[in-house]
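Notes for the one structure printed next.
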Amino acid sequence: GMNTISIELLERSDPNFYAELTQQLQNAYLKTIDTTVLAALITAGQQGATQAATSAGIIGYAADAAQKVYTATGYFASNYIANPSQWQLLLGAVDSTGRPIYSASQPMNAGGLTQPGSIRGNVLGLDLFVDKNFSVTTNIDDSAVILAPEAFTVYQSPTAYMSVNVVSNLQVQVAIYGYMATIAKMPKGI
């Protein structure tokens with residue numbers, strides 16, 4: 001993330017302005033890292049079997065992915081990363097009698113736990129993580145990823161801030177930066 005501000009704004013504004021500016025730069029930086037990691041996961045992963053966008057489809061997808069991950073790597077799938085549309089599907093999933101599958105507090109047929117107030121949960125024994133930065137916004141291909149954590153690693157440096165005075169126009173350029181790399185150690189584990 002980078003922004004250019006006037007020296008006047010920097011010197012004459014409330015100190016909270018700079019704190020807010022750096023927070024916004026940090027948010028932009030983290031979103032870029034997140035979208036890069038999601039793209040790397042989707043590129044490296046193997047395609048799951050086609051499933052309907054229904055409760056039965058979610059169960060079929062998880063079963064298919066878990067089997068493929070274990071067969072290919074010997075590791076167990078344990079993470080389910082979903083876009084908000086998949087999360088909505090999970091929150092609204094009901095059995096044939098209309099009882100919630102993933103969002104009831106004391107269900108008879110608990111398939112996991114999802115809640116509107118949390119982007120973490122459990123789906124069929126997989127740790128659920130909801131990520132709003134998927135490029136796909138519906139329940140189609142590349143709207144979710146199931147993986148064994150051993151299959152993929154993100155290497156990331158600490159972030160650093162830099163500001164440079166531009167004397168010719170009395171502006172200051174402020175930037176946050178860092179370095180990262182991803183590696184799919186076992187692509188068929190994704």
Side-chain angles (χ1 to χ4, degrees), residues 1-48 65 69 77-91 114-123 126-190:
M2 188 193 86
N3 201 329
T4 302
I5 56 176
S6 71
I7 194 89
E8 179 184 31
L9 183 58
L10 188 59
E11 289 179 350
R12 306 229 181 237
S13 65
D14 186 285
N16 289 328
F17 168 77
Y18 193 75
E20 182 64 26
L21 174 65
T22 55
Q23 181 62 50
Q24 294 302 319
L25 291 174
Q26 181 74 22
N27 291 345
Y29 176 79
L30 291 174
K31 181 178 180 180
T32 300
I33 293 291
D34 189 41
T35 55
T36 302
V37 169
L38 284 171
L41 279 168
I42 290 168
T43 299
Q46 61 177 321
Q47 187 69 35
V69 166
S78 63
N79 295 341
Y80 187 125
I81 306 168
N83 74 0
S85 184
Q86 284 267 333
W87 183 41
Q88 178 184 10
L89 178 64
L90 292 165
L91 288 169
T114 61
Q115 303 172 56
S118 176
I119 58 169
R120 296 282 317 268
N122 181 286
V123 174
L126 300 168
D127 290 328
L128 173 68
F129 302 91
V130 180
D131 193 322
K132 65 184 172 101
N133 294 317
F134 272 80
S135 60
V136 172
T137 59
T138 60
N139 290 320
I140 59 171
D141 292 349
D142 302 336
S143 62
V145 176
I146 292 177
L147 71 142
E150 298 85 359
F152 190 83
T153 301
V154 177
Y155 299 98
Q156 186 175 350
S157 74
T159 56
Y161 291 87
M162 178 186 345
S163 63
V164 177
N165 291 341
V166 183
V167 178
S168 64
N169 59 11
L170 294 177
Q171 290 183 329
V172 177
Q173 290 183 328
V174 181
I176 180 174
Y177 67 96
Y179 305 98
M180 59 102 43
T182 61
I183 182 168
K185 297 179 281 189
M186 294 176 267
K188 294 195 176 200
I190 305 165

Kindly indicate whether the side chain of [X], heavy atoms from C-beta on, has any atom under 4.5 Å from the side chain of [Y].
{"X": "V145", "Y": "I190", "answer": "yes"}
{"X": "N79", "Y": "P149", "answer": "yes"}
{"X": "F134", "Y": "D142", "answer": "no"}

Please list every donor-acceptor pair under 3.5 Å in which a side-chain atom of residues 41-48 meets a protein atom from a residue at least two apart or in another chain.
from : atom 1 : to   : atom 2 : distance (Å)
T43  : OG1    : A39  : O      : 2.8
Q46  : NE2    : K188 : O      : 2.8

Between [atom1] of [X] and [atom2] of [Y], what distance do you get to the nearest 0.5 Å?
{"X": "I146", "Y": "S78", "atom1": "CD1", "atom2": "OG", "value": "10.5 Å"}
{"X": "L89", "Y": "T138", "atom1": "CG", "atom2": "OG1", "value": "11.5 Å"}
{"X": "L10", "Y": "L21", "atom1": "CG", "atom2": "CG", "value": "8.5 Å"}
{"X": "M186", "Y": "L147", "atom1": "CE", "atom2": "CG", "value": "10.0 Å"}
{"X": "Q86", "Y": "T137", "atom1": "CD", "atom2": "OG1", "value": "12.0 Å"}
{"X": "D127", "Y": "N122", "atom1": "CG", "atom2": "CG", "value": "6.5 Å"}

- Contacts of T153 that satisfy side-chain hydrogen bond (donor to acceptor under 3.5 Å, both in side chains) - sequence neighbours left out: K185

- Task: Output all residues satisfying side-chain hydrogen bond (donor to acceptor under 3.5 Å, both in side chains) with D34, sequence neighbours left out; order by chain, then residue number.
- Result: N133

Donor-acceptor pairs are to be reported for all side-chain atoms of residues 164-182 against protein atoms at under 3.5 Å, with residues two or more places apart or in another chain.
from : atom 1 : to   : atom 2 : distance (Å)
N169 : OD1    : Q171 : N      : 3.2
N169 : ND2    : Q171 : OE1    : 2.9

Please tabulate, one pair per line, all N/O donor-acceptor pairs under 3.5 Å involving side-chain atoms of residues 25-33, not counting sequence neighbours.
from : atom 1 : to   : atom 2 : distance (Å)
Q26  : OE1    : Y161 : OH     : 3.2
N27  : OD1    : Q23  : NE2    : 3.0
T32  : OG1    : A28  : O      : 3.0

- Task: Name all pairs fulfilling the side chain to side chain donor-acceptor pair (under 3.5 Å) condition that reach into residues 5-15, sequence neighbours left out, sorted by first residue then second.
- Result: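 Residue pairs with at least one partner in residues 5-15: D14-N16.
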
- State, to 0.1 Å, how close A77 and L126 come at their nearest heavy-atom pair, and which atoms those are. O-CD2, 3.4 Å

- Task: Go through the steps to decide whether S85 and N139 satisfy the test side-chain hydrogen bond (donor to acceptor under 3.5 Å, both in side chains), and finish with yes or no.
- Result: CA-CA 6 Å; S85 184; N139 290 320; 3.2 Å; yes

- Message: When you measure from the side chain of D131 to the backbone of I81, do you find a donor-acceptor pair of N or O atoms at a distance under 3.5 Å?
- Response: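 Looks like no, no N/O pair under 3.5 Å.
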
